[in-house]
A.B. asks: 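Structure in structure tokens, see below.
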Protein chains: 2
Amino acid sequence: MKEGPDIARIAALIGDPARANMLTALMTGKALTATELATEAGITGQTASSHLSKMDEGGLLRVLKQGRHKYFSLANDDVASVLEGLMGLAARSGHLRTRTGPKEASLRKARVCYNHLAGDMGTRMFDSFLERGFLKVSGDALDLTAQGGAFMQGFGVDMAALRSGKAPLCKECLDWSARRSHLAGSLGRAILSRMEELGWAKRTQGSRVVTFSRAGEQKFRSEILAGTG
Amino acid sequence: MKEGPDIARIAALIGDPARANMLTALMTGKALTATELATEAGITGQTASSHLSKMDEGGLLRVLKQGRHKYFSLANDDVASVLEGLMGLAARSGHLRTRTGPKEASLRKARVCYNHLAGDMGTRMFDSFLERGFLKVSGDALDLTAQGGAFMQGFGVDMAALRSGKAPLCKECLDWSARRSHLAGSLGRAILSRMEELGWAKRTQGSRVVTFSRAGEQKFRSEILAGTG
DNA sequence: TTCATAGTTCGACCGTAACCGAAGCATTCG
DNA sequence: CGAATGCTTCGGTTACGGTCGAACTATGAA
């Protein structure tokens, strides 16, 4: 008995509706303050404070205190991955209320998963990078090849800065909608922000939806997918 | 709000200690009866019945009624993956009570993850298969190459039978101890049972530990890893 | 200094859900 | 046919945890 870690503890942590709403809100990748999370979850500040300290203690959150504000974000990509995994289970077996509403549709097409691009366009990009030899899988480790590095640099990503960081460069993350992987890690984050910088795409405020401009989507196809998709 | 599936519902399902114990017990891959699961969780049959029906309804379990017995097993590999993911979070951030006891050590070396080989030896095998060109990753899809198929057939796996099944042949599954992938899917299951059949390894009753015989481990190194590790 | 805002702590309330005893079905065995 | 076993349903108890109001601390602005 009792072999392995205490899984119930952290599952229960995620299992409360208020906390789950907060975590889902944090899947946008942005750090949010306690009050913002409170309103997001539809509870008062006192209750939120209690929830947040519990989740922090449980290692689900990263906390940054700034002046009289306290910013919360997901602790790391693994937390985001587990959340996506849970969404996968819930979407399929859950209530079967996968009635693909308009919001759902855009979520499936392109959304932000914690801090990187997910959804159909995210998995497409991931596939293309593999096919063009920019990424190489060996074991679980996902490595950027030399040509991949060159491509990223040319795309406007400051590779030197990324490499100097301690965060893993490339990671896979499973997609609840497409049931395929997309690119996480610091590179995944950098690519998404570069796309925003270029004006290709815009995150919808307070939502995980990522909307590409017409020109941006065209550019995405020609430069990122490059005819491989 | 309320975009995406109802994550709290199923997280709460996993979040109860009794249910979590049952699910952990089912990670051995064996189907267990309701009473077995009840004793495993330390509760009475009545309570267990209630829990089990809830988890079934939530899509976490597969149920097989046989005579006056009712056998429960995990619904699919995705459920197992999420459980492993939760273990990863709990192990690291949880209680930090990752005091590597003797049981923990053997769990890390070789264990069964739902129905396939995990732990150090599992990830080693996965790496070797990639390196030798038996497996190929493209996107999320993990494909068995022609040589891979030949190897498996030679190893004694009935590939025709596997291919005729509807279950996916190859899948990745993240490892909470090694933080790397190992091979899931119907092929992963087949390989493990073939190893048991050959007498290389034996599952410890009621535990997830997989013990290799001295000869079995030797064979494993020469035939599976083949000098690549 | 005084006021306002962000967050926390305390105490009390209340609902949900886990739990078991007992009784009720269903299946198999003698 | 009983008797035994495996599982479920029902009813009632209990406890844990989410919730908010009110009071408190800390940071920043007027």
Side-chain angles (χ1 to χ4, degrees), chain A residues 1-2 6-26 30-58 60-73 94-95 206, chain B residues 1-2 6-26 30-73 90 94-95 206:
Chain A
M1 210 173 298
K2 267 300 169 195
D6 186 2
I7 173 181
R9 203 178 100 87
I10 84 123
L13 227 41
I14 309 177
D16 176 77
R19 286 193 289 257
N21 281 337
M22 294 187 186
L23 291 171
T24 309
L26 290 174
K30 290 184 51 171
L32 298 175
T33 67
T35 34
E36 284 171 325
L37 287 168
T39 54
E40 190 69 36
I43 54 180
T44 63
Q46 305 93 295
T47 319
S49 175
S50 155
H51 283 314
L52 289 169
S53 59
K54 279 175 193 167
M55 289 198 283
D56 179 29
E57 171 128 9
L60 296 181
L61 298 182
R62 235 187 81 245
V63 189
L64 184 73
K65 204 169 175 181
Q66 212 167 76
R68 58 176 170 181
H69 293 276
K70 214 167 170 182
Y71 285 94
F72 293 89
S73 49
H95 265 161
Chain B
M1 211 175 296
K2 266 302 169 201
D6 186 3
I7 174 181
R9 206 178 98 86
I10 84 124
L13 228 41
I14 309 177
D16 177 78
R19 285 194 290 258
N21 281 337
M22 295 186 185
L23 291 172
T24 309
L26 290 174
K30 289 185 54 172
L32 298 175
T33 68
T35 33
E36 285 171 325
L37 287 168
T39 55
E40 190 70 35
I43 53 179
T44 63
Q46 305 94 295
T47 317
S49 175
S50 156
H51 283 313
L52 288 168
S53 59
K54 278 173 194 169
M55 289 196 284
D56 179 28
E57 171 126 10
L60 295 181
L61 299 181
R62 238 188 78 243
V63 189
L64 185 73
K65 205 170 173 180
Q66 212 166 77
R68 58 178 167 179
H69 292 275
K70 213 167 171 181
Y71 287 93
F72 294 88
S73 50
H95 265 161

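Quick caveat: nothing in here was measured; it's all calculated off a predicted structure. A note on names: the letters A, B, ... follow the listed sequences, proteins ahead of strands, and every chain is numbered from 1.
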A.B. asks: Using a cut-off of strictly less than 4.0 Å, decide whether A/Thr35 has a side-chain nitrogen or oxygen near OP1 or OP2 of C/dG7.
C.D. replies: yes
A.B. asks: With a 4.0 Å cutoff (strictly under), does any side-chain N or O of A/Thr44 reach OP1 or OP2 of D/dC20?
C.D. replies: yes
A.B. asks: Using whole Å, report how far CG of B/Leu32 lies from C1' of D/dC7.
C.D. replies: 16 Å
A.B. asks: If you take all heavy atoms of B/Arg9 and B/Gly58, which pair is closest and at what distance?
C.D. replies: NH2-CA, 3.7 Å
A.B. asks: Are the side chains of B/Leu52 and B/Lys70 in touch, meaning some heavy atoms are under 4.5 Å apart?
C.D. replies: no
A.B. asks: Which residue, A/Ala18 or A/Gln66, contacts DNA chain D at a nucleotide closer to its 5' end, judged by nearest heavy atom?
C.D. replies: A/Ala18
A.B. asks: Whole angstrom is fine here: how far is it from CG in A/Asp56 over to C1' in C/dT8?
C.D. replies: 14 Å
A.B. asks: Rounding to an integer number of Å, can you tell me how far B/Ile43 CD1 sits from D/dT8 P?
C.D. replies: 12 Å
A.B. asks: Check whether any side-chain N or O of A/His51 sits under 4.0 Å from OP1 or OP2 of D/dG17, and answer yes or no.
C.D. replies: no
A.B. asks: Of all the heavy-atom pairs spanning B/Met22 and B/Ile43, show the shortest one and how long it is.
C.D. replies: CE-CD1, 3.6 Å
A.B. asks: How close or far is atom C1' of D/dT19 from atom CE of A/Met22, stated in whole angstroms?
C.D. replies: 12 Å
A.B. asks: Please determine, for the side chain of B/Arg19, which listed nucleotide (D/dG21, D/dC7, C/dA18) has the closest atom?
C.D. replies: C/dA18
A.B. asks: At 4.0 Å (heavy atoms only), tell me whether A/Ser53 reaches a base, stays on the sugar-phosphate, or touches nothing.
C.D. replies: nothing
A.B. asks: Rounded to whole Å, how long is the line connecting atom CE of A/Met55 with atom P of D/dG17?
C.D. replies: 16 Å
A.B. asks: Distances for protein N/O vs nucleotides 23-27 of chain D N/O pairs under 3.5 angstrom?
C.D. replies:
from   : atom 1 : to      : atom 2 : distance (Å)
D/dT27 : O2     : A/Arg68 : NH1    : 3.4

A.B. asks: Nearest-Å distance, NZ (B/Lys70) to P (C/dC25)?
C.D. replies: 17 Å
A.B. asks: Could you tell me the separation between the CD atom of A/Glu57 and the C1' atom of C/dT8, rounded to a whole number of Å?
C.D. replies: 15 Å
A.B. asks: Does B/Lys54 have a side-chain nitrogen or oxygen under 4.0 Å from the phosphate oxygens OP1 or OP2 of C/dA18?
C.D. replies: yes
A.B. asks: Side chain of B/His69: nearest nucleotide among D/dT19, D/dT9, D/dG6?
C.D. replies: D/dG6
A.B. asks: When rounded to the nearest 0.5 angstrom, what distance separates CG in B/Leu26 from CD in B/Glu36?
C.D. replies: 10.0 Å
A.B. asks: Return the CG to OG1 distance between A/Asn21 and A/Thr39, rounded to the nearest 0.5 Å.
C.D. replies: 11.0 Å
A.B. asks: Any idea which of C/dC19, D/dG21, C/dG7 is nearest the B/Asp16 side chain?
C.D. replies: C/dC19
A.B. asks: For A/Leu13 and D/dG17, what is the distance between atoms CG and P respectively, to the nearest whole Å?
C.D. replies: 11 Å
A.B. asks: Quick one: closest heavy-atom pair of B/Ala34 and B/Phe72, and the distance?
C.D. replies: CB-CE1, 4.0 Å
A.B. asks: Please classify the nucleic acid contact of A/Ala48 as base, sugar-phosphate, or nothing, using heavy-atom distances under 4.0 Å.
C.D. replies: nothing
A.B. asks: Restricting to non-hydrogen atoms, name the atom on A/Leu61 and the atom on A/Asp56 that form the minimum distance, rounded to 0.1 Å.
C.D. replies: O-OD1, 3.7 Å
A.B. asks: Classify the nucleic acid contact of A/Ser50 as base, sugar-phosphate or nothing, counting any heavy atom under 4.0 Å across all strands shown.
C.D. replies: nothing
A.B. asks: Under 4.0 Å from OP1 or OP2 of C/dA18: is there any side-chain N or O of B/Thr47 that close?
C.D. replies: no
A.B. asks: Show me the pairs that pass side-chain hydrogen bond (donor to acceptor under 3.5 Å, both in side chains) and involve residues 42-55 of chain A, at least two apart or across chains.
C.D. replies: A/Arg19-A/His51, A/Thr44-A/Gln46, A/Thr44-A/Thr47
